[in-house]
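Input: a single structure, listed below in C-alpha cells.
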2 protein chains.
Amino acid sequence: MASLHDVALIAGVSKSTVSRVINDEYGVKGATKIKVQKAISECGYIPNQVAKDLKSQKTNLVGVIVPRVSSHATALGVDGLTSILDKAGKHVLLASTHQEHQKELEYIQIFNQKRVEGIILYATHLDKTLVNAIQISNVPVVLVGQDGSMHNIPSIVHDDYRVGYEAGNRLTAKGCKKIGFIGVQGDDLAVDRLRSQGLAQALEFNQLSLLFHARGDFSIESGYETAKEYLSKFTETDGIFCATDRIAVGAIRAIQENGITPGKEIKVLGVGNDELASVCTPSLSTFNYAFDKAGENAAKLLLERINNQGFEMSKVVLTFQNIERETC
Amino acid sequence: MASLHDVALIAGVSKSTVSRVINDEYGVKGATKIKVQKAISECGYIPNQVAKDLKSQKTNLVGVIVPRVSSHATALGVDGLTSILDKAGKHVLLASTHQEHQKELEYIQIFNQKRVEGIILYATHLDKTLVNAIQISNVPVVLVGQDGSMHNIPSIVHDDYRVGYEAGNRLTAKGCKKIGFIGVQGDDLAVDRLRSQGLAQALEFNQLSLLFHARGDFSIESGYETAKEYLSKFTETDGIFCATDRIAVGAIRAIQENGITPGKEIKVLGVGNDELASVCTPSLSTFNYAFDKAGENAAKLLLERINNQGFEMSKVVLTFQNIERETC
DNA sequence: TTGAAAGCGATACCAG
DNA sequence: CTGGTATCGCTTTCAA
C-alpha cells in the first residue's frame, strides 16, 4: 500500500511537501501541488490514520460496551450516542459482552490499549471488580443504566426507584390490594432492586405490603413462565408490576391463559414503553423511558469529561412519563 | 502516559528487554523479568496498541456500517456478527449513517484510512456511486441486505423474490383474489422491488394481477396511514402483503378501524418475524428471516476474504420459514 | 517555497 | 541473555 514516501518519490518532492498538500496547508506552489495531486491519484494513495494517530497522540475514538445490541434500551441508546459522537468527529469502537460480565473488564483494558478517549459502558450490574476496573482506567468511563456515582463514576440512570414508587401509586389508585413484582436477577440494582423497593415503599405508604417478588430474565418467555408460576401460588393477586415491558407482555399472556382479563381483575404495569406495549392486546400501561436520550446524554457527558470539563455533574437522572393504556 | 522507554529507564534495561518481557518471549533472566515487571506496575504502563498496529501493519479491526442500529434486522445482525468477529479476535468499528446515503461513502473512505481489514455494509439501496466506492475500497466489503453480486461484491441476502412469490401463494391459497402490496421507497431493491415482483409473479401464475403497489417508509405509523389510504381507494381488497412486519402491524390497525377483521375478510402477511408479529392481535402471519444468521454469515464471509479465501462464493442467499398465525 | 531530520511507541534483527 | 538500531507512516520544527 502506497505511503507518503511513495508519493514523494513519484512526484519528485519531499515527504514534507506531500504532507502539506494533503493537509491543505498554505505555502505550497501551485505547480508543486498539482504534481503531488497527480502522483497521489496515480498510486491510489490513502492516508494512514494509524500513523497519524500515533504521531498526533489522538485517536478520536470512543469505546462503547453493551451486554447486547438487540435490546430496546441499548439499540436506541447506541443510535442516540452515535448521533452525538458523530457530530463531535468521534468514531465508535463497539463491543458486545453477550452477557458475560468478565468481558466488561477485558474490553475496558483493550480499549485503554487502543487509546480510546473515553468509554461508555451499559451495565446490568456493578460489583467491586467492575468498579475497580473503571477506576484504574486511564480514560473517563461513563456508566449507563446503573448508578456508579457513589464510586465517583459519572452515570446516566433512569429514575428507577421513583418508577417503582409511581407504579405502586398507579396500581393502588386503581384499587389493587394484592400486588406482586416480577423482576430479574438480584444483582441488577437498577432493574430489580430499585424498582421493587420503590414499589414496596409506595405500598407501605398505602398500608399495603408486597405480595411476592419473583425473578426471571429479560425475555417474554420468562415473563410468561414466572407469572404462570406465581399466579397459581398467589391466586389472590390483583396487580403485577413487571420490571420491563417484555416481561409484562409474557405476564399478560399467562393471565389470559387463566381466563382472566388483564386490566380488569388483574392490573399490569411494565417499564420502558417498548413498541410491543402499544401493539399487544390488551395494550400495556407502562412508563416511557427515554433510552435514546440516555445514549445522547452519555455521549455528551463523556465528551465533556474528555475535554476535562463536566466534573460538576456526578450523575444525570432521566425522568419518565406515565403511559396510560388498557392494562392499568 | 508511560511508554516502553519510561519502563526501560526505571528498570535500568533497554527497550528491547522490556518488549521481550511484555510479550512473554523466552530468553530473559528471571531477575531481569521481575525488575521489569516491578517497573511496569510502578509507572502504570499500558501497551500502546496504536504503535503496535503501525509497526505490525495489522489492526484486527472490522468496520460495520448500518443505516441505524435500532431496527430488528440490524440489531440482531450486529449481535450475530460481533459474536463471530469476537472469536476471531477482531474488533468492531461501528458507524451509523442515520439513513443518510452519502455517509456510506464517507465511512468507507474513513474506514480505509483507519486501515480496517474489511467492511460489512448494511445497505438499503445500491446505486452507481456506492458500487464504485465499494469497488475502489482497498479492503474487502461484504454487503448485507442488498445483492451486489452482479458487481462482484460478495453479498448476504434474504430470498426476497421468493418470499414475495410464496406470499402470493399463501394469500391465494386462502382464497384472496384482490391483493395489494405495501412497500417502501422504490430504490430499495430487496425490500420493495423484489418482494413485490415475486408477489406479482405468483399472482400471474394464478391468473390474477396485483391490485395496488403502495409505498411508505419502515414505520408502523406509515403502514397504518398507507393502508388506510389504499383501503378506501380499493374497497374490494381481500389480501395485503406488507414488505415488513412493522408495516403490517400498522395495516392491521387500519383494517380494524374500518370494522373489518384482519385474517377473515382481509388476509395480511408481513416479512421478518419481528417480535411484534407474535404479540399483536390478531397475531400476524409472516415469514421468519434469520437476521442473526445474516450477521454471522457476513462476518464469516468477510473473515475468509480477509484471509484471501472464500472467492468461490459470490453470495449467500438465506432461506425463510413460513410462520402461520391468525392473519392468514 | 521546499527539504532534512527528529520523534510518536512499539518490534525485530543483528551484535556482543 | 541483553542492547543498539532501523523501521512502520506520518507531522513538525528548523534551515536553507
Side-chain angles (χ1 to χ4, degrees), chain A residues 1-40 43-61 109-117 138-139, chain B residues 1-40 43-61 109-117 138-139:
Chain A
M1 165 144 294
S3 75
L4 263 194
H5 183 73
D6 304 310
V7 179
L9 285 185
I10 296 176
V13 298
S14 76
K15 294 193 292 173
S16 324
T17 302
V18 179
S19 174
R20 291 192 185 101
V21 172
I22 286 167
N23 297 303
D24 237 359
E25 275 169 35
Y26 122 125
V28 181
K29 212 187 349 176
T32 323
K33 202 168 182 175
I34 292 173
K35 247 194 328 191
V36 171
Q37 284 166 336
K38 229 187 82 200
I40 286 177
C43 67
Y45 168 72
I46 299 173
N48 185 327
Q49 191 66 44
V50 180
K52 279 191 185 179
D53 287 354
L54 176 60
K55 177 66 187 168
S56 67
Q57 302 284 72
K58 188 154 178 31
T59 58
N60 285 313
L61 219 48
Q109 208 192 342
I110 290 175
F111 284 175
N112 268 280
Q113 296 183 176
K114 281 193 171 291
R115 297 296 190 264
V116 301
E117 300 180 351
N138 262 283
V139 296
Chain B
M1 166 142 290
S3 74
L4 262 194
H5 183 74
D6 304 311
V7 179
L9 284 184
I10 296 176
V13 298
S14 76
K15 293 193 294 173
S16 321
T17 303
V18 179
S19 174
R20 290 191 186 101
V21 172
I22 287 167
N23 297 304
D24 236 2
E25 276 169 35
Y26 98 139
V28 181
K29 214 193 337 180
T32 323
K33 202 169 182 172
I34 292 173
K35 247 192 329 191
V36 171
Q37 284 166 336
K38 230 187 82 203
I40 286 177
C43 66
Y45 169 72
I46 299 173
N48 186 327
Q49 191 66 44
V50 180
K52 280 191 185 178
D53 287 354
L54 175 61
K55 177 66 185 162
S56 68
Q57 302 284 72
K58 189 154 177 28
T59 57
N60 285 314
L61 218 48
Q109 209 192 342
I110 290 175
F111 284 175
N112 268 280
Q113 296 183 177
K114 282 192 170 291
R115 297 297 191 262
V116 301
E117 300 180 351
N138 262 284
V139 297

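We name chains A, B, ... by the order of the sequence lines, and we start the count at 1 in each one.
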Among all residues two or more places apart in sequence or in another chain, which pass the side-chain contact (heavy atoms from CB on, under 4.5 Å) test with S56(A)?
K58(A)
Please list, in numerical order, the residues of residues 46-61 of chain B that have a heavy atom closer than 4.0 Å to any atom of DNA chain D.
L54(B), K55(B), Q57(B)
At 10 degrees resolution, what angle do the end axes of the helix from dT1(C)-dA16(D) to dG16(C)-dC1(D) form when each is taken over five base pairs?
50°
Report the distance from atom NE2 of H5(A) to atom P of dA6(D), rounded to the nearest whole Å.
16 Å
By a strict heavy-atom criterion of less than 4.0 Å, which residues belonging to residues 26-39 of chain A are in contact with DNA chain D?
none
What integer distance in Å separates D24(A):CG from dT12(D):C1'?
17 Å
Rounded distance in Å - NZ (K15(B)) to C1' (dT5(D)):
9 Å
Nearest-Å distance for atom pair CD/C1', residues E25(A) and dT12(D):
9 Å
Could you check whether any side-chain heavy atom of Q49(B) comes within less than 4.5 Å of a side-chain heavy atom of N60(B), counting everything from C-beta outward?
no
S3(A) side-chain proximity, nearest of dT11(D), dG9(D), dG3(C)
dG9(D)
Mind checking whether K114(A) and T59(A) have side chains closer than 4.5 Å, heavy atoms only?
no
Can you name the nearest heavy-atom pair linking V28(B) to R20(B), along with the distance?
CG2-CB, 3.8 Å
What integer distance in Å separates D6(B):CG from dG9(C):C1'?
10 Å
Using a 4.5 Å cut-off on heavy atoms from C-beta on, say whether the side chain of E117(A) contacts that of V139(A).
no
Excluding sequence neighbours, so at least two apart, what forms side-chain contact (heavy atoms from CB on, under 4.5 Å) with N23(A)?
S19(A), E25(A), K52(A)
Look at all strands and tell whether S16(A) reaches a base, only sugar-phosphate, or nothing, counting heavy atoms closer than 4.0 Å.
base
How would you list, by chain and number, every residue that makes a side-chain contact (heavy atoms from CB on, under 4.5 Å) with I46(A), sequence neighbours excluded?
N112(B), Q113(B), R115(B), N138(B)
At under 4.0 Å, does any side-chain N or O of S19(A) touch on OP1 or OP2 of dC10(D)?
no
I need the CG-C1' distance between L4(A) and dT7(D), as an integer number of Å.
15 Å
Shortest non-hydrogen contact between L54(A) and V50(B), atoms and distance
N-CG1, 3.7 Å
Taking the side chain as every heavy atom from C-beta outward, state whether K29(B) and T17(B) have any pair of such atoms under 4.5 Å apart.
no
Are I22(B) and Y45(B) close enough that some pair of their side-chain heavy atoms sits under 4.5 Å apart?
yes
Rounded to whole Å, please give me the gap between CZ in R115(A) and P in dC8(C).
14 Å
Testing the basics here: between V21(A) and Q37(A), what is the closest heavy-atom pair and its distance to 0.1 Å?
CG1-CG, 4.1 Å
Heavy-atom donor-acceptor pair, R20(B) side-chain to dG3(D) base, under 3.5 Å
yes
To check you understand the geometry: which heavy-atom pair defines the closest contact between A11(B) and A39(B), and what is its length?
CB-CB, 3.8 Å
Length of the CD1-P vector between I22(B) and dG9(C), whole Å:
13 Å
